[in-house]
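One structure below.
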Amino acid sequence: MLWNNELTRLLKVQYPIVQAPMLGVTSPEMVAAVSNAGGLGSLPVGGLSPEKTRELIHKVKQLTHKPFAVNLFAHSIPEYNIQEAEAMRALLKQLKQEHGLATEIPELDSLKFYTYEEQIPILIDESVPVVSFTFGIPDDASLQQLKQHGTILIGTATCVDEAIVLEQKGVHAITLQGIEAGGHRGSFLHDALPQIGLMALVPMAAKVVKIPLIASGAINSGATVKAAFTLGAVGVQIGTAFIASTESLAIPAYKEALATAQDTDTALTQVFSGRWARGIHNAFMEQLENSGSTLPPYPVLNSLTGALRAEAQKQNNGTFTNLWAGQAASMYVRQKNSAEILMDIIKNTEQ
Ligand SMILES: Cc1cc2nc3c(=O)[nH]c(=O)nc-3n(C[C@H](O)[C@H](O)[C@H](O)COP(=O)(O)O)c2cc1C
């Protein structure tokens, strides 16, 4: 298999393989390990403060001189119904007491939402080589500023329409996120969630879009990499396969749940954050979904559940935190370092 193609030339990497940005799981060490091994590491900073964003970029830069991506959440902050949000706070307080999670659910007026607009000057200042984004498209001025600075832009699409809009906006490449993928859905164009499998999405997008396409969702082996290329992608983005790596921030209970997950164990849910995301089904999902409560929108619900999830993680309790994972969760669970995981997939593809 020849790896050199239009995407490796665009990104200036050896292999057209992107380690998916995974907020809460990806550490600077993971990003650097993948970039140093010839792939593209991606640092997730969606919703983080400008200070934290800069600190994490500095950490990556200390560990690698190779290209890496920084990943933004390109959404706007919505209006929300205070009464519904207070009702959700009350429910979360009740759950934390019932489940021995000693933490405070934040007051609504203490919530602080950072926007991608606050992060763009830092990305420019730090000359980040690649910026990827999900949940939408940054405004035209931000895109222009980044492009003028020579930044390579990668958008996320979950259906053909979204890929067309991204190409029209002038991004350099598109990550196509199939419905198999773990974590949040990047969807931004339609009210009803697009649920297109990667097998359908890649060839349909390749027919109408000219820029490089990166396939994402359930890719973890030579066979799946080759399938993505055969369908029309020129790169792949891999998430779940890196969750059990030694550089991962995932708690042991999360890694154990991945190892035993069946194909039917993941589900799409909005209850952790207010946005659709795929994770291993657990007690929190069940209780919130059965509560009949109205869910405040993202990022309000995300912030309200944040402290409870952090406390569950401290206790290594996988039943009350999000266990984001793709449908093929257990196909590749290796407690190896991220470079070895990347090289395993590369060697397996070359065989
Ligand atoms: C734990 C986890 C966290 C994720 N966080 C992000 C994120 O911060 N930004 C993003 O663009 N995608 C995020 N994703 C989605 C990935 O970019 C990618 O679409 C997905 O991992 C691909 O499917 P796979 O997990 O089956 O490999 C996340 C996925 C996982 C599993």
Side-chain angles (χ1 to χ4, degrees), residues 17-27 30-31 34 40-48 53 56 69-75 116 119 130-138 153-158 162 166 173-188 196-198 201-202 213-221 224-225 227-228 233 235-245 248-251 254-255 257-258 261 263 265-266 268 272-273 275-280 298-299 302 309 313 318 321-333 341-342 345:
I17 301 185
V18 182
Q19 159 257 310
M22 294 184 284
L23 197 68
V25 167
T26 301
S27 61
M30 181 190 290
V31 177
V34 171
L40 185 78
S42 311
L43 178 72
V45 299
L48 301 185
T53 301
L56 291 171
V70 172
N71 177 261
L72 301 175
F73 290 166
H75 61 90
Y116 73 86
Q119 296 171 307
V130 181
V131 170
S132 66
F133 49 85
T134 186
F135 300 178
I137 310 180
L153 300 175
I154 307 179
T156 306
T158 62
E162 289 173 351
L166 283 164
I174 298 171
T175 300
L176 294 173
Q177 189 186 39
I179 196 65
E180 305 87 338
H184 279 105
R185 308 294 308 149
S187 310
F188 60 92
I196 326 290
L198 197 64
L201 183 56
V202 176
L213 297 175
I214 301 166
S216 182
I219 294 182
N220 48 44
S221 63
T224 48
V225 171
V236 293
Q237 175 158 303
I238 300 175
T240 300
F242 287 102
I243 298 177
S245 69
S248 162
L249 304 173
I251 57 172
Y254 188 176
K255 294 181 177 180
L258 277 181
D263 54 352
D265 285 350
T266 71
L268 290 170
F272 285 107
S273 70
R275 272 193 77 94
W276 286 107
R278 179 179 297 285
I280 296 173
Y298 185 92
N302 193 54
R309 290 182 283 135
Q313 287 175 27
T321 188
N322 48 294
L323 304 173
W324 300 147
Q327 285 180 329
S330 64
M331 277 293 282
Y332 189 107
V333 180
I341 291 173
L342 177 75
I345 295 172

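Just so it is clear, the values below take in all heavy atoms, side chains as well, and ignore hydrogens, waters and symmetry mates. Fair warning: this is a prediction, and the values are worked out from it, not measured in the lab. As the structure lists them, so they are numbered: ligands from 1, and atoms in each ligand from 1.
One distance of note links CG of Leu40 with CD1 of Ile214; it measures 8.0 Å at 0.5 Å rounding. Between the CG atom of Asn71 and the OG1 atom of Thr156 there is a distance of 6.5 Å, given to the nearest 0.5 Å. Between atom CG of residue Asn220 and atom CE of residue Met331 there is a gap of 5.5 Å, rounded to the nearest 0.5 Å. In this structure, the separation between CD on Gln313 and OG1 on Thr321 is 3.5 Å, given to the nearest 0.5 Å.
Under 4.0 Å from ligand 1, heavy atoms of Leu23 appear from its side chain as well as its backbone. Proximity of Phe133 to ligand 1, defined as any heavy-atom pair under 4.0 Å, is not found for any part of the residue. Using a 4.0 Å cut-off between heavy atoms, Phe242 makes no contact with ligand 1 at all.
Not a single N or O atom of Thr156, backbone or side chain, sits closer than 3.5 Å to an N or O atom of ligand 1. In terms of N/O distances under 3.5 Å, ligand 1 is not approached by Trp324. Between His184 and ligand 1, not a single N/O pair is under 3.5 Å apart. Some N or O of Gln237 is nearer than 3.5 Å to an N or O of ligand 1, by distance alone. Residue contacts with ligand 1: Gln177 is placed with a nitrogen or oxygen under 3.5 Å of a nitrogen or oxygen of the ligand (distance criterion only). When only interatomic distances are considered, the shortest N/O to N/O separation between Ala218 and ligand 1 falls below 3.5 Å.
Both tests do not hold together for Arg309 against Phe272: distance to the six-membered ring centre under 6.0 Å, angle to the ring axis within 45°.
Residues Thr240 and Met22 fail the side-chain proximity criterion, which asks for heavy atoms closer than 4.5 Å. You'll find the side chain of Leu166 reaches within 4.5 Å of the side chain of Phe133, heavy atoms only. Residues Val18 and Thr175 are not in side-chain contact: their nearest non-hydrogen atoms beyond the backbone lie 4.5 Å or more apart. Side-chain contact between Lys255 and Ser248 is present, with at least one heavy-atom pair separated by less than 4.5 Å.
Among all protein heavy atoms, the one lying closest to atom 9 (N) of ligand 1 is Asn71 OD1, 2.8 Å. Scanning all protein heavy atoms for the shortest distance to atom 18 (C) of ligand 1 gives Ser216 OG, 3.3 Å. Distance from atom 13 (C) of ligand 1 to its nearest protein heavy atom, with residue and atom name: Pro21 O, 3.0 Å. Ranking the protein heavy atoms by distance from atom 24 (P) of ligand 1 puts Thr240 OG1, 3.5 Å first. In terms of protein heavy-atom proximity, atom 16 (C) of ligand 1 is nearest to Ala20 CB, 3.6 Å. Shortest contact from atom 4 (C) of ligand 1 to any protein heavy atom: Met22 CA, 3.4 Å.
Between Gly178, Gly182, Gly239, Gly46, it is Gly182 that holds the heavy atom closest to atom 29 (C) of ligand 1.
Note on ring orientation: taking the six-membered ring where Trp is involved, the planes of His184 and Phe135 are perpendicular (angle over 60°, cut-offs 30° and 60°).
For the residue pair Tyr254 and Asn322, the shortest heavy atom distance occurs at CE1-O, 4.4 Å.
For ligand 1, the atoms sitting less than 4.0 Å from at least one non-hydrogen atom of Val25 are 1 (C), numbered in the order shown with element in parentheses.
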